[in-house]
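Notes follow once the structure below has been shown.
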Amino acid sequence: MEKKIITSALPYSYSIPHLGNFVGSILPADVYFKYSMMNGDDAIFISGSDQHGTPIELKAIEEKKDPENLSNEIHAEIKDLFERFGCTFTYYGKTHTDYNKEVVYSVFDALYKKGYIIEIEGEQAYCNIDKRFLLDRFIEGKCPHCGGRARGDQCDDCGKLLEPTQIIDPICNLCKRKEIVFKHVKNLAVDLAKLQPKIKAFIEKNSKNNWSKNAVNKSLSYIDEGLKPREITRNIKWGFPVPKKGFEDMVFYVWFDAFLGYIGITKEWDSERWKDYWLDSKARLIQVMGKDNIEFHTLMWPGVLIGSEMGFILPYTIKASEYLTSKTIKFSKSRGVGLNLKSAIEILEPDYWRFVLMYLYPETADSEFSAELLEEIVNTVMNDKVGNFVQRVLKIFASNRASVGEKMQLDDDTRKKAEAIIFSYKTNFEKMNLREALHSAVELASLGNSILSTKEPWLLVRKGDQASLKEFSETISSLIVLVHHLSLLLWPFVPTSSMEALSYFGIFHEPDFKLLEADVSVVKELDPRPIFRKMGKEEIARLEQFSGK
RNA sequence: AGCGAGGUAGGGUAGCCUGGAGUGCCCGCCGGGCUCAUAACCCGGAGAACGGUGGUUCAAAUCCACCCCUCGCUACCA
């Protein structure tokens, strides 16, 4: 039994996450959390809404709302969707809370006292019309290199990186006017250069714990280049005000309070028990995210934790996935036209999405999603291979119950094969190979299907002689146990369907691996219904409305 | 432009660290079997000079160099 904190990158409470966002962080974290529960680990699963930052402030201005109310509304909607998708968080919180504020202030204070906070001066664009400082991407103008359209820190036409001050005739993208001036500003920053040796030591030690290759090499490469101080303050209104003289008009940079939100949200969950996890050096912090998020979690976040010297545990595993992409389906969050969680749930039940997304989980390389792939996996893998196997075994059992002995057990040969598959399932989970773990579970169904074809139990029962009936009984008994085990292994991935299947075995509570050793029995009144069905033409057609072009 | 990851049968993946006959898996395709089950399942087969070029080696998908393509990051998107 291990103590684990499992976190998923915090979704930004700005719009409904799309499938790529979901499979990149929340879903794999939830699957791994469910596995840990089955394993009997002392695990908590923490995530929540990242609420601060410029986009939400601007959206609030646009919609004439208070940013806190706006982000709370979106937070509630996102949280509800995740729960409908079967995610069982220990706590899904928010970053804009007094709990988190307390964490942010105390960590900042500690960093300041240890001398890890420095001031950085620079030029920043300011719009005289909007009366606000502008992010790079809100500045548009002519590229000094090619004369093309330059936006923010890059030219759209020649692709060259720019300093915003180099852009010719800059226009504010908010009001479309040319009233941009560059002001001299001071920001506070964490002195990562000073923390570098400690961060390096942390990476070298912990990156052995199943970090994705991407995360390890990326981080080491940054270290080789030399870390620079990283700003933690911003000139906007929405956020936690900086509690330091001369900086009262600024707020903490959204990223600073977002990753500290992992701690703040745990505190929001339980104002005492959070310490049992975050301050216990034996607890493992397992963090799941997309590849765009790596440096924040491997450099700045541990840097801040180390620098605070407050005894927080550091990330043990960094699980950074690649991207789910699609040439044919639009995922875009903008304009609300893409296939997001809200539209997905209207097309198919959550278990189908969970299964397909984890089957395609982009673990080592970007993975392509399409309507055809979705249909193929649902129809051939989930339905034909897994669902149909469960159904045929339960049916044949139900109609010949009298010929099957009371005690359900695996025959020796099947036991060996099943144990090997279960072993690889567990090993894959331990190595954080979540997609392969699902493939292992599916293998159990393949094993069962192959036994059915070899033994042909329907012939045995028809023959009706002593020897045949004995073999029939042993075969079905074995297969029933296999269905039971398969249902257990599927639970992290398709909890609703798994529970349906487990109900035939009289199991109505969240399962754990001890059930693999327990006696298997089938409920008296057995009327099995297929746990999965195929996708129909209408469902596929509904998906097509999200195809691009 | 720099840095990181990926490029393996028609599609998708594992193998690469620690070199040893292209070895595996899923879908599709072809042939056969089965009829318990949701027209499902099982068995067999065809199909890959492992992105390209060069190098190291008795031996390279695997190690080295350079190049091409895709994705991500480049510190003010979150």
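From a predicted model like this one, the values you see are computed outputs, not experimental measurements. A note on names: the letters A, B, ... follow the listed sequences, proteins ahead of strands, and every chain is numbered from 1.
- Between the side chain of A:D366 and the base of B:U70, no donor-acceptor pair under 3.5 Å is found.
- The same atom, P, is picked in B:C63 and in B:G19; the two are 9 Å apart, to the nearest Å.
- Pairing partner, B:A61: none, since no Watson-Crick or wobble contact has both distances short of 3.5 Å.
- Rounded to whole Å, the separation between the C1' atoms of B:C41 and B:U35 comes to 10 Å.
- Comparing B:G20 with B:U62, their C1' atoms sit 11 Å apart, to the nearest whole Å.
- Between A:H297 atom NE2 and B:A75 atom C1' there is a gap of 16 Å when expressed in whole angstrom units.
- Picking from B:A14, B:C71, B:A75 the nucleotide with the shortest atom distance to the side chain of A:R230 gives B:A75.
- When the C1' atom of B:C71 is taken as reference, atom CG of A:N293 falls 16 Å away, rounded to whole Å.
- For A:S453 (side chain) and A:S450 (main-chain N/O), no donor-acceptor pair under 3.5 Å exists by modelled atom type.
- Across B:C27 and B:A61, the matching P atoms stand 28 Å from one another, rounded to whole Å.
- Between A:Y92 and A:F82, the distance from one ring center to the other falls under 6.0 angstrom.
- Map A:L134 and A:Y323 each onto its nearest nucleotide of RNA chain B; the residue landing nearer the 5' end is A:Y323.
- If you take atom C1' in B:G12 and the same atom in B:C29, they sit 15 Å apart, rounded to whole Å.
- Ring pair A:W353/A:F493: centre-to-centre distance not below 6.0 Å.
- In this entry the distance linking CD of A:E436 with C1' of B:G24 reads 11 Å, nearest Å.
- A straight line from CD of A:E456 to P of B:C36 spans 10 Å, rounded to a whole angstrom.
- Side-chain N/O atoms of A:T54 include one lying less than 4.0 angstrom from OP1 or OP2 on B:A78.
- The nearest whole Å value for the distance from the CD1 atom in A:I531 to the C1' atom in B:A37 is 13 Å.
- A:K228 comes within contact range of at least one nucleobase, with a heavy-atom separation under 4.0 Å.
- Whole-Å rounding puts the A:L526 CG to B:C36 P distance at 18 Å.
- One C1' atom belongs to B:C16, the other to B:U23, and the distance between them is 13 Å to the nearest Å.
- A:L10 places its CG atom 16 Å from the C1' atom of B:C77, with the value rounded to the nearest Å.
- In terms of position on RNA chain B, the residue among A:F296 and A:F389 whose nearest nucleotide sits closer to the 5' end is A:F389.
- With respect to the salt-bridge test (charged N to carboxylate O, under 4.0 angstrom), the residues A:R533 and A:E539 qualify.
- In this structure, the side chain of A:N210 engages the main chain of A:E430 through a donor-acceptor pair within 3.5 Å.
- Here, B:G7 and B:C64 have their P atoms 15 Å apart, quoted to the whole Å.
- Between B:G72 and B:G47, the distance separating the two P atoms is 37 Å to the nearest Å.
- If you check distances only, the side chain of A:Q124 does reach the base of B:C76 with a donor-acceptor pair under 3.5 Å.
- Contacts of A:Q391 with the nucleic acid, taken as non-hydrogen atoms under 4.0 Å apart, include base atoms.
- Nucleic acid contact for A:R533: none, since no nucleic acid atom lies under 4.0 Å from a heavy atom of the residue.
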Practice item. Before giving the answer on side-chain contact (heavy atoms from CB on, under 4.5 Å), spell out for A:L19 and A:L357 the whole-Å C-alpha distance, their side-chain angles and the decisive distance to 0.1 Å. Key: CA-CA 8 Å; A:L19 294 178; A:L357 291 174; 4.1 Å; yes
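- As judged by a 4.0 angstrom heavy-atom cut-off over every strand, A:G387 is placed among the base-contacting residues.
- A:T364 has a side-chain polar atom (N or O) that falls below the 4.0 Å cut-off from OP1 or OP2 of B:A14.
- Taking the six-membered ring wherever Trp is involved, the centroid distance between the rings of A:H484 and A:Y504 does not fall below 6.0 Å.
- Rounded to whole Å, atom C1' of B:G11 lies 12 Å from atom CG of A:L360.
- For A:D136, counting side-chain heavy atoms from C-beta on, the closest listed nucleotide (B:C41, B:C43, B:C76) is B:C76.
- If you check every strand for non-hydrogen atoms under 4.0 Å, A:N217 touches sugar and phosphate atoms only.
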